[in-house]
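I have placed the structure first, in the form of structure tokens, so that the comments after it can refer back to it.
Both counts, for ligands and for their atoms, begin at 1 and track the order of listing. Keep in mind the model is a prediction, meaning the values are calculated, not measured.
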Amino acid sequence: MSETQINHQIRLAARPVGPVKPSDWEMTEEPVAQPQPGQVLVQVVYLSLDPAMRGWLNDARSYVPPVGIGEVMRALGAGRVIASASENVPVGAYVSGLLGVQEYATLDGAALTVLDTNLAPLPTYLGALGMTGLTAYFGLLDIGRPKEGETVLVSGAAGAVGGVAGQIAKLQGARAVGIAGGAEKCRYVTEELGFDAAIDYKSANVMAALSEHCPQGVDVYFDNVGGEILDAALAHLARHARVVICGAISQYNATGAMRGPANYLSLLVNHASMTGFVVFDYAARYAEGVKALSEWVAAGKIATREEVITGGIERFHETLMRLFDGANTGKLVLQVAD
Ligand SMILES: NC(=O)c1ccc[n+]([C@@H]2O[C@H](COP(=O)([O-])OP(=O)(O)OC[C@H]3O[C@@H](n4cnc5c(N)ncnc54)[C@H](OP(=O)(O)O)[C@@H]3O)[C@@H](O)[C@H]2O)c1
């Protein structure tokens, strides 16, 4: 690579209010930074699009600091090492890590995970074999703790985390009921992911559909969306139910107060619990999760799906918005290079 190679980047230009606008971003360019001792230079090939990105833009206390104005947008990604000053990560290795929305990332080799592309294609390491799969694995098994014969309800069921969570529930011998937007997503959830039933929240009466599909009540509710759907699920809890607060995408673009769970006293009468978690809490156990997920994927017990959008970082904004429009099925990924 020549010294004058240019790195295009997407930086935060303004803090969004409500949905992110194109003018909240700025595209910049600078020379590619060559690696210093211990560092590697990665050509970014795929970027992970995550609903959490919207939260990272708010100037509020959270589990990570907000992205600063003028900073390169934070993003998980996967790419190939094209120059290395690290003993542990050679040129040619495929890696994943916090690469940012840019074409090249220069960062410590120790901050990267080396990937085996013989086991799975690169985008899968951003989906079922990456942070997405680990979120489903630890959230469902550690907090939801489904038992054989129990009913596990998953919202955002056709999405990246929800699709994996429901399939893991089935592997535990539970019944999995999904909630997703639209007939085609519901078909995908039942026919391709193997859920026992799916509720189209855009056309069905969710309260009535929950009574129909969860007649014994919901033992585990894995919530990705919050808002009205969380309230409907709370109204259908079984005794000793566990509610897993994974996310609340319906509230991320709220300009006023977020809608909270009005039916929370259902936790009291059902001796139930509601617990939030962040996947990073489980960093010390990632190897366990990756091993289990890899075995399930290799054995065909978990179906994976990534929706890869091409066109490079110029398409970052419109691709991010797909998450909030419900345009993605499975893990949403942006391809940055061939
Ligand atoms: N706790 C953690 O550590 C952690 C880690 C990763 C992700 N998460 C959370 O997990 C959730 C799922 O993330 P993901 O990456 O798997 O995204 P995803 O589900 O693949 O994509 C987002 C989906 O959310 C649904 N959605 C969008 N707006 C909605 C609304 N107003 N009401 C109901 N559904 C809506 C859409 O599906 P429909 O077409 O079905 O509406 C959309 O396709 C998010 O809340 C995310 O923040 C948490």
Heavy atom of G227, distance to ligand 1 below 4.0 Å: no
Close approach, T132 and ligand 1, non-hydrogen under 4.0 angstrom: no
Spatial distance of atom CD (Q9) from atom CD (E103) [nearest 0.5 Å]: 9.0 Å
4.0 Å heavy-atom contact, F280 with ligand 1: no
Ligand 1 N/O within reach of K331 N/O, cut-off under 3.5 Å: no
Contacting atoms of ligand 1, where contact means under 4.0 angstrom from a heavy atom of S250: 30 (C), 31 (N), 32 (N)
Shortest non-hydrogen separation from A60 to P66 and the atoms involved: O-CD, 4.2 Å
L323 contact mode with ligand 1 (heavy-atom cut-off under 4.0 Å): both
Within reach of ligand 1, part of A248 (heavy-atom separation under 4.0 Å): backbone
Residue and atom name of the nearest protein heavy atom (relative to atom 35 (C) of ligand 1), distance in Å to one decimal: I249 CG2, 3.6 Å
For ligand 1, the portion of K185 having any non-hydrogen atom under 4.0 Å away: side chain
Short N or O distance, Y252 and ligand 1, threshold 3.5 Å exclusive: yes
Protein heavy-atom partner closest to atom 7 (C) of ligand 1 - residue, atom, separation in Å: V161 CG2, 3.9 Å
Subset of ligand 1 atoms that lie under 4.0 Å from at least one heavy atom of A160: 16 (O), 18 (P), 19 (O), 20 (O)
Top protein contact for atom 11 (C) of ligand 1, by heavy-atom distance: N224 OD1, 3.3 Å
